[in-house]
Amino acid sequence: MLRRWSAAVAAGLLAAVAMTACGGDGGDGAGGGTDDGKITLGFSQVGAESGWRTANTKSIQDSAKQAGIDLKFSDAQQKQENQIKAIRSFIQQKVDIIAFSPVVESGWDTVLKEAKDAGIPVILTDRAVDSTDTTLYKTFIGSDFVEEGKKAGDWLVNQYTTTTDPVNIVELQGTTGSAPANDRKKGFGDVIATDPKFKIIASQTGEFTRAKGKEVMEAFLKANPDIDVLYAHNDDMGLGAIEAIEGAGKKPGTDIKIITVDAVHDGMQALADGKINFIVECSPLLGPQLMDLVQKVHAGETVEPRVITKETTFTQEQAKAVLPERQY
């Protein structure tokens, strides 16, 4: 009897030691997460301001599920303070990896240093930060927004090669201070600056939303009777602007040429219908690539500091061809 009792005690002690070894954060400060072998990813999304963002969120959620990654998801509702709170919450929860799409470029160093000090790697998705300390994050996956702006500008320049008349352009910018707004403006501006006939006569944020795009375009039309071109930093603002243009008795795509960025389904339909003239693609389907990076970073593998997504552009005929099989 004593021998059996001693064996039971020994077995209990061994089990306790095993539990201690497998639980917690492994004692290496590399985050914690769950103790079931799954990687825990804390992800802070910008919000749900557009069709693009909704598709991006779905791609991330679906891809995490398929990869067997435990996703803790937070919607910042386009407020930086909400994202900072979410990141600090992820740090407290000892997730394995933190990923987020920054609302704006500036103001992240303090919270990113907190994550680094906690041993939790950070991945930037879709949007960059302007920190000079690149050790605060492992990699940035997303589009080249400057290149998107250049593609928009190149198309416009090619449309007006045979005219010397002034071309009056209005611009609907994205969220003030955000990487896509800054970079899409720069890329477009750099291209059209080579020819003085192109003039941006009004430029204002439409906050990446359809409602604000309509509101700002209405103001543009009242203040500027002679608008030749609208350049919108995303489809949703362009779609809102179309409503304003039609409300003013003008024909979008004809009276005012329209260039947008994203290529979400509603935008592509407007392009196919001739209401938009040209769309630069910005793919929201980053989920599979993100989960691949999460797994590599968690395994301690070396990853490229910049991962650029593959994207194209669309004319009216190209939009008609791909619309039936468009995923978003």
Side-chain angles (χ1 to χ4, degrees), residues 48-59 126 142-161 167 169-174 180-181 183-185 187-188 191-192 206 208-214 217 227-247 250-289 308-328:
E49 75 282 1
S50 63
W52 191 98
R53 190 64 56 189
T54 301
N56 180 241
T57 291
K58 187 176 188 303
S59 176
D126 174 41
S143 304
D144 185 334
F145 300 132
V146 173
E147 183 62 25
E148 289 172 354
K150 287 181 178 179
K151 288 176 181 177
D154 286 339
W155 180 86
L156 181 62
V157 169
N158 288 335
Q159 295 302 300
Y160 287 92
T161 53
V167 179
I169 306 162
V170 294
E171 180 181 31
L172 283 169
Q173 298 180 42
D183 293 352
R184 287 172 186 163
K185 181 176 181 63
F188 183 78
V191 171
I192 65 169
F208 281 132
T209 69
R210 196 173 301 197
K212 192 67 175 179
K214 179 182 179 182
M217 191 66 199
I227 297 172
D228 299 305
V229 177
L230 163 66
Y231 169 45
H233 288 191
N234 80 340
D235 290 344
D236 278 76
M237 291 188 295
L239 292 165
I242 286 171
E243 294 180 37
I245 292 167
E246 290 176 332
K250 294 180 180 288
K251 189 174 181 181
T254 303
D255 296 330
I256 298 176
K257 293 188 183 299
I258 300 175
I259 309 165
T260 65
V261 182
D262 273 355
V264 297
H265 191 277
D266 287 354
M268 293 287 278
Q269 186 63 60
L271 177 58
D273 293 341
K275 294 184 177 184
I276 292 176
N277 302 88
F278 187 70
I279 294 181
V280 179
E281 184 181 39
C282 179
S283 176
L285 306 181
L286 304 182
Q289 285 180 287
I308 298 175
T309 50
K310 294 180 180 180
E311 294 155 342
T312 187
T313 60
F314 294 97
T315 61
Q316 183 179 23
E317 292 307 313
Q318 290 168 332
K320 288 178 180 178
V322 303
L323 255 174
E325 297 178 358
R326 198 71 177 157
Q327 294 183 52
Y328 57 92

Roughly how far, to the nearest 0.5 Å, is CZ of Phe188 from NE2 of His233? 8.0 Å
Gln318 and Leu271: CA distance, side-chain angles, deciding distance, side-chain contact (heavy atoms from CB on, under 4.5 Å) verdict: CA-CA 9 Å; Gln318 290 168 332; Leu271 177 58; over 6 Å; no
Between Leu172 and Gly213, the two heavy atoms sitting closest are CD1-O, 4.0 Å
Using side-chain heavy atoms (C-beta onward) and a distance below 4.5 Å, is Tyr231 in contact with Leu156? no
What side-chain hydrogen bond (donor to acceptor under 3.5 Å, both in side chains) pairs are there with at least one residue in residues 148-159, not counting sequence neighbours? Ser143-Glu148, Glu148-Arg184
Are Tyr328 and Leu285 close enough that some pair of their side-chain heavy atoms sits under 4.5 Å apart? yes
Heavy-atom check, side chain of Ile242 versus side chain of Glu246, under 4.5 Å: yes
Rounded at 0.5 Å granularity, tell me how far CD1 in Ile256 sits from CG in Leu230. 7.5 Å
Closest non-hydrogen atom pair, Pro284 against Asn56: O-ND2, 2.8 Å
What one should report as the nearest heavy-atom pair of Ala321 and Pro324 is O-CD, 3.7 Å
Side-chain contact, heavy-atom cut-off 4.5 Å: Asp266 with Arg210? yes
Just so I know, are the side chains of Trp52 and Asp236 near enough to count as touching, which here means a heavy-atom distance under 4.5 Å? no
Does Glu281 reach the main-chain N or O of Asp262 with its side chain, forming a donor-acceptor pair under 3.5 Å? no
Would you compute the distance between atom NZ of Lys257 and atom OH of Tyr160 and round it to the nearest 0.5 angstrom? 5.0 Å
Interatomic distance, CG@Leu323 vs CD@Glu325, rounded to 0.5 Å, equals 10.5 Å
Side-chain donor-acceptor pair under 3.5 Å between Glu311 and Thr309, yes or no? yes
Looking at Val229, Ile279, Asn277, which one forms a side-chain contact (heavy atoms from CB on, under 4.5 Å) with Ile259? Val229
Which heavy-atom pair separates Pro252 from Lys250 by the least distance, and what is that distance? CD-O, 3.4 Å
Decide yes or no for Lys212 and Met237: does some side-chain heavy atom of the first lie under 4.5 Å from some side-chain heavy atom of the second? no
Indicate yes or no for a side-chain donor-acceptor contact from Thr54 to the backbone of Ser50 under 3.5 Å, with no hydrogens or angles considered. yes
Compare every heavy atom of Leu239 with every heavy atom of Gly267, then report the nearest pair and how far apart it is. N-CD1, 4.0 Å
Ile258 and Lys275, any side-chain heavy atoms less than 4.5 Å apart: no
Using a 3.5 Å distance criterion without hydrogens, assess whether the side chain of Ser59 forms a donor-acceptor pair with backbone atoms of Ala55. no
Under the criterion side-chain contact (heavy atoms from CB on, under 4.5 Å), I'd like the reasoning laid out for Asn234 against Arg53: C-alpha separation, chi angles, the key distance, then a yes or no. CA-CA 11 Å; Asn234 80 340; Arg53 190 64 56 189; over 6 Å; no
Side chain Asp126, main chain Gly142, donor-acceptor under 3.5 Å: no
Reported CD-to-NZ distance for the pair Gln289 and Lys310, which is rounded to 0.5 angstrom: 8.5 Å
Is it true that a side-chain atom of Asp235 and a backbone atom of Val264 form a donor plus acceptor pair closer than 3.5 Å? yes
